[in-house]
Amino acid sequence: MSNPVLPFLGDTAAKALGGQKHTGVGLEYPSANLSPSTSPTLMDHINSTNKNMWGLLAPLVMGAVVQIATGLTVDAFGADYELAGTRRNFAGGSKTLPANQTNYLWLDATETLLTNTTGFPADVYKLAIVTTDATTVTSIVDARWMNFGIGGTNSWYAVAAAAEVDFNGNGIKNLGSLKLAASTELTIAAGVVTPTGIYHSVDTETDAATDDLATITADAAKVGQLLLVKAETQARVVTMKDGTGNLKLDGDFVLDDADKTIVLMQHTATEWTEVSRSQTDIASLLNSLAALPLTNVSTLQVDSETLSIVESGGFGQLTAFTKPLIKVDTEAMAATDFLDQILGGSAGEIIVLAPANAARIVTVQHAATVGGAFRLSNDSQFEMTSFDSRLTLIHNGTDWVEISRSPARAGALAGSDYAIYQPLVIHLAGVPALGVAKHKILLAHDCRIFTGKAYAVTAPSGGNLIIDILINGLSMFSQQSQMINVADGLNSGSSVPGTSNGFYTAGQTLEIEVEAANAAADVTVVLNAFFQIQQPVTGP
């Protein structure tokens, strides 16, 4: 072995150091021109310097193993050391070693010098590795560093260790990054996998199309360990089963996408519990949140889809909706269409209807019209004639019930300053005469009339009471069956909703025409209308 050779200072350089302090350790060199007769003497000065020097060196030699004499005996300096959180003291000692061996020397809780030829036991304070030949010690390797190091490698971020690293309850702080080793594949065997690391992909047994993972082997000595699991391939679907084996999950977890992951923790000696799972689709996320209330929501955005009306059994239907906002289009892009039913939905579910195209008018009809499934306010239909039209509904377990509708209840009134609902009431005293009555009204404002109703104090007998509404001499209805109809023996009746829906302008005249009276008397006619008022109505 060749060691570095430190140069010997010449007389002049050595004398120049007298009285100066070494910048590395702060010790003072003996002063020049001191003699046995000076105070302090040269020897006192040297001893003082040496005392400080030995004090600095003492911790370095604690527990050091040396050979004082020849032969197979070695000596160990005393040492203060700690094992299992307890401070201990070794007073020093010697040991005669067997010949022709590699010998391991250490201290344990007994505070005595111990040795063997097989290796260091666990949980001891290591001192040295000493080799011998037949008669003497041939080498002494200091092993005290092993009590503090854990095998550093030449990569700044890596730590190599023969066993698991134990930080003795101390946390790891101020990490710049934490990187897991690449995932390794585990293949299911009879519903079981055995992890060998923290990050694994899971594949089906014999590459089957599907497989169930019910049990992950647990290690009783590693309670608290984490495990990150992902799919090996989405072409082979693995379902992690909740409660079938030793997995405690928030329901089964299906690994059917390469981006899906789940984090587990071994929380007992035998069981794994779910910590978190990824969500790759909105349906899974909404299902997991289904029982949670929405509070303090600053924004809420819903997805939409476009559906076209399909005629089935005399009903205009929408089927198989999946989004909360439904843009409704007419069947075969017709200019107009009626919507009577939306199939599907469950109690408490909320949807919003909007037009898919303002050029194609969709009229949502009240259930009483043709036996549909809409319960609209005021028994009035809703006509979607502009992109601003919105109808909000909630399912009551049977039908869709209106919550609200956009202020522009009819396309012609969209953009008006005010759309005010006001019924038109006309009273026909006595038995009304057949034909055009002299009950004319001048429309002072633009308006839209939706439905007409009639009430007869004396019910018709021997036939129905039928009343038509004329605007500038033309009927609002295309046929008599749509007109206001009070059945024989009843006191009230109405027009067919949706058929009397029309927009009329200021200056036009409205007239009542009785098509059939059948002895009905004292009839009151009510027309449900919305008036467009361009200026605010103010009080006196």
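A quick note: this is a predicted structure, and the numbers were derived from the prediction, not measured.
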(request) Looking only at non-hydrogen atoms, find the nearest pair between Ser183 and Lys230 and report the distance. (result) OG-CE, 3.5 Å
The criterion is side chain to side chain donor-acceptor pair (under 3.5 Å); which residues satisfy it with [X], sequence neighbours excluded?
{"X": "Asp203", "value": "Arg236"}
{"X": "Arg390", "value": "none"}
{"X": "Glu311", "value": "none"}
{"X": "Asp123", "value": "none"}

(message) Can a donor-acceptor pair be found, under 3.5 Å and without considering hydrogens, that links the side chain of Asn103 to the backbone of Val130?
(response) yes
(message) Using a 3.5 Å distance criterion without hydrogens, assess whether the side chain of Glu28 forms a donor-acceptor pair with backbone atoms of Pro30.
(response) no
(request) Would you mind checking if Asp11 and Lys15 are paired as a salt bridge, meaning a charged N to carboxylate O distance below 4.0 Å? (result) no
(request) Identify whether the distance between the nearest side-chain nitrogen and carboxylate oxygen of Lys248 and Glu271 falls below 4.0 Å. (result) yes
Using the test ring pair (Phe, Tyr, Trp, His ring centres under 6.0 Å), find all partners of [X] that sit at least two apart in sequence or belong to another chain.
{"X": "Tyr29", "result": "none"}
{"X": "Phe90", "result": "none"}
{"X": "Tyr104", "result": "Phe120"}
{"X": "His395", "result": "Trp400"}

(request) Identify, with sequence neighbours excluded, every residue that meets salt bridge (Lys or Arg N to Asp or Glu O under 4.0 Å) alongside Glu274. (result) Arg277
(message) Could you tell me if the side chain of Asp133 sits less than 4.5 Å from the side chain of Thr135, heavy atoms only?
(response) yes
Review item, side-chain donor-acceptor pairs of residues 72-87, under 3.5 Å, at least two apart:
from, atom 1, to, atom 2, distance (Å)
Thr73, OG1, Thr96, OG1, 2.9
Asp80, OD1, Asn89, ND2, 2.6
Tyr81, OH, Asp108, O, 2.6

(message) Test: side chain to side chain donor-acceptor pair (under 3.5 Å). Region: residues 349-362. Which pairs qualify, not counting sequence neighbours?
(response) Asp329-Arg360
Mind listing the side-chain donor-acceptor pairs of residues 50-67 below 3.5 Å, one per line with the distance, residues two or more places apart or on another chain?
from, atom 1, to, atom 2, distance (Å)
Asn52, ND2, Ser48, O, 3.4
Gln67, NE2, Ala69, O, 3.2
Gln67, NE2, Gly71, O, 2.7

(message) Testing Leu318, Val364, Val328 one by one against Ile342 for a side-chain contact (heavy atoms from CB on, under 4.5 Å), which residue passes?
(response) Leu318
(message) Looking at Lys327, I'd like to know if its NZ atom is crowded, meaning that more than 12 non-hydrogen atoms belonging to other residues, nucleotides or ligands lie closer than 6.0 Å.
(response) no
(request) Hey, could you give me the OG1/CD1 distance between Thr194 and Ile216, rounded to the nearest 0.5 Å? (result) 9.5 Å
(message) Working note: Leu393 + Arg405, criterion side chain to side chain contact (heavy atoms under 4.5 Å, CB included); need CA distance, chi angles, decisive distance, verdict.
(response) CA-CA 9 Å; Leu393 305 164; Arg405 61 177 69 192; over 6 Å; no
